*Asks:* 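Please find one structure pasted underneath; my questions will follow.
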Amino acid sequence: MPIATTGLILRQIKVGEADRILTILTPDLGVISASAKGSMRLKNKLFSATGLFCYSEFSLTSGRSHYFIDTAQIKNVFHGISATVEGMGLASYMAEIAAELSPAPPESEAQLRLLLNCLYMLSEQKRPVRMLKVIYELRSMTLAGYMPDVLACSGCGKYDGGEFYLDPIAGNLLCAACADKARHLPNLDEGALYALRHICLAEDKKLFSFTLSDSSLKDLSRVSEQYVLAHLEHKMKSLDFLKTVLE
């Protein structure tokens, strides 16, 4: 019996002359692999709805190792992403993180909603690329169960005031004094610390509602990137490209 679902296409691999194997983030099946036969041909019924970063409705048939796409209809295409190299770079990076996290239901629904919202903000240029990068990195890790301990210094309980250090591996905060005792240099100023807490703890509808100075964003971007790499435990190919176009 056909399976109906929606999903965002994270990755595509060409197979043969006209077929594609797609990696799709769905709300109810998690991250799946699906074959789109003939979808590389312009006149094929699957062509327009199976492109990279398309959010589409699918009718699937389950196979032994992956699904087969019977029909597909576009729900949303984020045209503005391809307007800049930076936009495509960030979209590819976010998609790679989503694929690596490979969330299962019900987490996959929240991860899909986050990625769709970030792609919309990116496509419509509602927020700077660097800010969206930080938001996606920290929020996706939080949803996946890797939220850092952002409430207070793990050494003395201090909540705010001055610079702090976030350990990218342990995920705990240290105030400047406790960081000095542990021989760490602070890596978050007050603005970056506020934004870190907001991204990890805010309601979905308020996630993008904050401002950040360039210096604070630079601090937080460095920390969030280290945090992702520490917990995914390997380099991200798309990150290397993104960093070259942002520098």
Side-chain angles (χ1 to χ4, degrees), residues 2-13 20-36 39 46 48-60 62 66-82 87-124 126-127 129 131-147 199-209 224 227-228 231-232 236 238-239 242:
I3 301 167
T5 191
T6 59
L8 178 72
I9 297 172
L10 304 177
R11 186 183 296 155
Q12 57 181 2
I13 300 174
R20 283 185 286 199
I21 299 293
L22 307 177
T23 301
I24 308 173
L25 173 58
T26 73
D28 47 358
L29 301 173
V31 175
I32 64 170
S33 179
S35 174
S39 62
L46 299 179
S48 61
T50 55
L52 191 61
F53 309 132
C54 282
Y55 178 49
S56 302
E57 294 179 346
F58 300 100
S59 177
L60 308 171
S62 181
H66 60 269
Y67 292 89
F68 295 89
I69 300 175
D70 300 320
T71 63
Q73 185 174 353
I74 291 177
K75 287 178 67 68
N76 200 348
V77 179
F78 303 96
H79 294 291
I81 289 173
S82 58
M88 283 299 295
L90 179 57
S92 298
Y93 175 53
M94 293 190 296
E96 187 174 359
I97 291 176
E100 288 296 324
L101 290 175
S102 192
E107 180 201 327
S108 53
E109 183 175 3
Q111 290 280 7
L112 175 59
R113 183 167 58 250
L114 170 65
L115 185 48
L116 289 173
N117 286 338
C118 286
L119 289 176
Y120 167 76
M121 290 286 181
L122 179 62
S123 179
E124 300 298 319
K126 299 284 189 181
R127 295 291 185 277
V129 170
M131 182 177 288
L132 289 173
K133 173 181 175 290
V134 166
I135 290 172
Y136 185 77
E137 285 172 332
L138 292 171
R139 189 71 165 203
S140 65
M141 297 302 289
T142 294
L143 291 174
Y146 297 108
M147 184 177 79
I199 294 168
C200 292
L201 301 173
E203 300 175 14
D204 284 354
K205 63 182 180 180
K206 296 180 180 179
L207 177 59
F208 301 92
S209 301
S224 66
Y227 195 76
V228 168
H231 290 274
L232 293 184
M236 312 286 284
S238 56
L239 177 59
L242 178 60

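From a predicted model like this one, the values you see are computed outputs, not experimental measurements. Start at 1 with the first residue, then count along the sequence.
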*Asks:* Can you find a pair of side-chain heavy atoms, one from Tyr93 and one from Lys133, that are under 4.5 Å apart?
*Replies:* yes
*Asks:* Checking Arg139 now: which residues fulfil salt bridge (charged side-chain N to carboxylate O under 4.0 Å, His left out) with it, not counting sequence neighbours?
*Replies:* Asp204
*Asks:* Could you check whether any side-chain heavy atom of Thr23 comes within less than 4.5 Å of a side-chain heavy atom of Ile9, counting everything from C-beta outward?
*Replies:* no
*Asks:* Output all residues satisfying side-chain contact (heavy atoms from CB on, under 4.5 Å) with Ala95, sequence neighbours left out; order by chain, then residue number.
*Replies:* Leu10, Phe53
*Asks:* Return yes when atom CZ of Arg127 has more than 12 non-hydrogen atoms of other residues, nucleotides or ligands closer than 6.0 Å, and no otherwise.
*Replies:* yes
*Asks:* Please give me the minimum heavy-atom distance between Leu101 and Ser140, naming the atom from each residue.
*Replies:* CD1-O, 3.8 Å
*Asks:* Is the shortest side-chain heavy-atom distance between Ile199 and Thr142 below 4.5 Å?
*Replies:* no
*Asks:* What pairs with Thr50 under side-chain hydrogen bond (donor to acceptor under 3.5 Å, both in side chains), at least two apart in sequence or on another chain?
*Replies:* Arg20
*Asks:* Counting C-beta onward and ignoring hydrogens, is there a side-chain heavy-atom pair between Met147 and Met141 closer than 4.5 Å?
*Replies:* no
*Asks:* For Ser62 and Ile3, which heavy atoms make the closest approach, and how far apart are they?
*Replies:* CB-CD1, 4.3 Å
*Asks:* From Ile81 CD1 over to Ser123 OG, what is the distance, rounded to the nearest 0.5 angstrom?
*Replies:* 5.5 Å
*Asks:* Ser56: what forms a side-chain hydrogen bond (donor to acceptor under 3.5 Å, both in side chains) with it, not counting sequence neighbours?
*Replies:* none
*Asks:* Quick one: are Val31 and Ile24 in side-chain contact, heavy atoms under 4.5 Å?
*Replies:* no
*Asks:* Using the test side-chain contact (heavy atoms from CB on, under 4.5 Å), find all partners of Ser33 that sit at least two apart in sequence or belong to another chain.
*Replies:* Ile21, His66
*Asks:* Tell me if the OH atom of Tyr146 is crowded by more than 12 foreign heavy atoms within 6.0 Å.
*Replies:* no
*Asks:* Holding to ring-ring contact (aromatic ring centres under 6.0 Å, His included), I want the full list of residues that pass it with Tyr55, two or more places apart in sequence or in another chain.
*Replies:* none
*Asks:* Taking only residues two or more places apart in sequence, or in another chain, which ones meet Thr5 in a side-chain contact (heavy atoms from CB on, under 4.5 Å)?
*Replies:* Thr26, Pro27, Asp28, Leu29, Phe58, Leu60
*Asks:* Could you list the residues that satisfy ring-ring contact (aromatic ring centres under 6.0 Å, His included) with Tyr120, not counting sequence neighbours?
*Replies:* none
*Asks:* Please name the pair of heavy atoms, one in Cys54 and one in Ala49, separated by the smallest distance, quoted to 0.1 Å.
*Replies:* CB-O, 3.9 Å
*Asks:* If I compare all heavy atoms of Ser224 with all of Val134, which pair ends up nearest, and what's the gap?
*Replies:* OG-CG2, 3.8 Å
*Asks:* Applying side-chain hydrogen bond (donor to acceptor under 3.5 Å, both in side chains), can you list everything that pairs with Ser238, at least two apart in sequence or on another chain?
*Replies:* Glu96
*Asks:* Could you pull out all donor-acceptor pairs under 3.5 Å where a side-chain atom in residues 67-74 meets a protein atom, sequence neighbours excluded?
*Replies:*
{"from": "Asp70", "atom 1": "OD1", "to": "Thr61", "atom 2": "OG1", "distance (Å)": "3.4"}
{"from": "Asp70", "atom 1": "OD2", "to": "Thr61", "atom 2": "OG1", "distance (Å)": "2.6"}

*Asks:* Determine whether Tyr136 and Leu122 make a side-chain contact, defined as any pair of heavy atoms from C-beta on separated by less than 4.5 Å.
*Replies:* no
*Asks:* With rounding to the nearest 0.5 angstrom, report the CZ to OG distance, Arg113 to Ser108.
*Replies:* 10.5 Å
*Asks:* Do any pairs count as a salt bridge (charged side-chain N to carboxylate O under 4.0 Å, His left out) and have a residue in residues 99-112, sequence neighbours left out, and if so which ones?
*Replies:* none
*Asks:* Among all residues two or more places apart in sequence or in another chain, which pass the salt bridge (charged side-chain N to carboxylate O under 4.0 Å, His left out) test with Lys75?
*Replies:* Glu57
